[in-house]
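Along the sequence shown, residues are numbered consecutively beginning with 1. Just so it is clear, the values below take in all heavy atoms, side chains as well, and ignore hydrogens, waters and symmetry mates.
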Amino acid sequence: MEHAVISEEYCSEQERELTVRKTSLFAQGDGFAVYDHCTGELVFRVDMYPAVSGELVLMNPVGAPILTVRKKRPSLHHRWEGFAGERVEGQHQKPLFTVRRSSIFGGNRAGMVVEVHGGVGLTEAETEYRIEGSFSQRCCKVLFEGIASKGEATSLVAEIKRKVDPDAHVVLGKDVFSLFLAPHFDAAFAMGLVLVLDQICGDEPDAAVEEIDSSIASLTGDHHVGVNGGTLLEEHPPELVM
């Protein structure tokens, strides 16, 4: 199944790993650079975060805007909206998707709900995703829940994990992490979710020690399966969307 929310050009027929790197080690949210794990080519970039405006722009390697995410105020659920291209102030633009906390309680432990208001090849009916886990610990999953009210089976479509140096077998710092994508899942949409998670959750510790240990164990232990030479997802994940 195609999950093209932004554009089909960002969907791959194969499972894919992106390496996401924060471009500043001194200030939270200065920017991101996103590389293809296999080729090393730059895929996306975010040059800076204009905190005053509350808008972040995801760009392609040459700086053309792909997606804008904006914080909606006021909102008890920390609601963010995603728009195609560069959002123009004063113009009415319908958001492609909305991200919010599933509950106003629980802080960063609360999950996220993502509602997609149409997209490439999608019907007008809203489709829903759920984000579980701890982004601040770089250990979370994006689950596709189907068209609202249809009760479709949940499928794992993306996962964020700590990056491991393949030569030294050392878990890298949280400024560099991996974004694994299931086949046909929109990479630009996935990065839009990463930008929102980074703003809502940041890098504050919000998980128990055992959760962190479990995250590292899943990276360095025997809980990965090889898929087309990669290491996407866990040994017994929900069914991937094809």
Side-chain angles (χ1 to χ4, degrees), residues 3-7 10-11 16-25 27-36 42-61 63-73 75 77-87 93 95-102 108 110-117 119 129-143 157-163 174-181 185-204 206:
H3 288 263
V5 177
I6 309 303
S7 173
Y10 304 117
C11 298
R16 189 178 186 188
E17 178 183 351
L18 300 179
T19 298
V20 185
R21 179 175 64 87
K22 284 197 170 185
T23 54
S24 172
L25 302 180
Q28 177 183 347
D30 278 355
F32 282 106
V34 184
Y35 302 89
D36 186 284
L42 182 66
V43 180
F44 304 115
R45 75 186 218 212
V46 177
D47 286 349
M48 62 179 294
Y49 283 174
V52 176
S53 69
E55 291 188 356
L56 318 176
V57 180
L58 179 71
M59 298 178 290
N60 68 11
I66 297 171
L67 169 70
T68 300
V69 292
R70 180 192 66 171
K71 185 175 183 179
K72 188 173 177 63
R73 296 187 176 90
S75 175
H77 290 269
H78 295 268
R79 185 183 300 268
W80 284 71
E81 297 175 325
F83 301 85
E86 187 172 11
R87 184 177 173 275
Q93 291 176 271
L96 290 176
F97 63 88
T98 303
V99 185
R100 61 176 174 81
R101 286 194 191 277
S102 58
N108 288 349
M112 302 286 176
V113 175
V114 184
E115 298 171 342
V116 178
H117 316 294
Y129 296 82
R130 185 174 75 254
I131 303 175
E132 296 180 344
S134 172
F135 176 78
S136 65
Q137 300 302 328
R138 307 301 186 254
C139 179
C140 59
K141 302 174 182 179
V142 180
L143 303 169
V157 292
E159 189 168 12
I160 294 169
K161 283 183 174 288
R162 296 283 293 273
K163 188 82 175 176
K174 290 185 290 184
D175 291 305
V176 181
F177 56 94
S178 294
L179 174 60
F180 297 98
L181 305 172
F185 190 64
D186 192 323
F189 174 47
M191 268 309 301
L193 299 181
V194 169
L195 297 184
V196 173
L197 288 170
D198 184 62
Q199 290 296 295
I200 294 178
C201 302
D203 291 327
E204 294 300 319
D206 64 346

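- Side-chain contact between V99 and Q199 is absent, with no heavy atoms from C-beta onward closer than 4.5 Å.
- Contact check for L193 versus F97: side-chain heavy atoms found under the 4.5 Å cut-off.
- Applying the side-chain hydrogen bond (donor to acceptor under 3.5 Å, both in side chains) test to T19 and every residue at least two apart in sequence or in another chain returns K163.
- Put simply, the residue from T68, D47, V69, L195 that forms a side chain to side chain contact (heavy atoms under 4.5 Å, CB included) with V57 is T68.
- Nearest heavy atoms, Y129 versus V142: CD2-CG1, 4.0 Å.
- Panel note: side chain R79, backbone K72; no donor-acceptor pair is recorded below 3.5 Å.
- Residues forming a salt bridge (Lys or Arg N to Asp or Glu O under 4.0 Å) with E86 (at least two apart in sequence, or on another chain): none.
- For the pair A33 and L42, the tightest heavy-atom approach, listed with the atom from each and the gap, is CB-CD1, 4.1 Å.
- For the pair M191/V20, a side-chain contact is recorded, criterion being any heavy-atom separation below 4.5 Å from C-beta on.
- Using a 4.5 Å heavy-atom cutoff, the side chains of R100 and M112 are not in contact.
- A distance of 6.0 Å separates NZ of K161 from SG of C139, quoted to the nearest 0.5 Å.
- Looking at K141 and E132, no side-chain N of the basic residue comes within less than 4.0 Å of a carboxylate O on the acidic one, giving no salt bridge.
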Exercise for review: Show your working on side-chain contact (heavy atoms from CB on, under 4.5 Å) between L197 and I160 and close with a plain yes or no.
Suggested key: CA-CA 11 Å; L197 288 170; I160 294 169; 4.3 Å; yes

Exercise for review: Report the C-alpha distance between E17 and S178 in whole Å, list the side-chain angles of each, state the deciding distance to 0.1 Å, and finish with yes or no for side chain to side chain donor-acceptor pair (under 3.5 Å).
Suggested key: CA-CA 7 Å; E17 178 183 351; S178 294; 3.0 Å; yes

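- Across all non-hydrogen atoms, the minimal contact from K71 to W80 is N-CE3, 3.3 Å.
- Here the SG atom belonging to C201 is positioned 9.5 Å from the CZ atom belonging to R138, to the nearest 0.5 angstrom.
- With hydrogens and angles disregarded, a donor-acceptor distance shorter than 3.5 Å links the side chain of R45 to the backbone of P61.
- Contact detail for L67 and F83: the closest heavy-atom pair is CD1-O, 3.0 Å.
- Heavy-atom minimum distance, L181 versus A158: CD2-CB, 4.0 Å.
- Smallest separation of non-hydrogen atoms from F185 and A190: CE2-CB, 3.7 Å.
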Check your understanding: Checking side-chain contact (heavy atoms from CB on, under 4.5 Å) for the pair L58/F32: CA distance, chi angles, key distance, verdict?
Key -> CA-CA 9 Å; L58 179 71; F32 282 106; over 6 Å; no

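- Residues passing the side-chain contact (heavy atoms from CB on, under 4.5 Å) test with A84 are L96, sequence neighbours excluded.
- Contact annotation: the side chain of V116 approaches that of F189 to within less than 4.5 Å [non-hydrogen atoms, C-beta and beyond].
- Interatomic distance, L179 CG to C140 SG, rounded to the nearest 0.5 Å: 9.0 Å.
- Taking the side chain as every heavy atom from C-beta outward, R162 and F177 never approach each other to under 4.5 Å.
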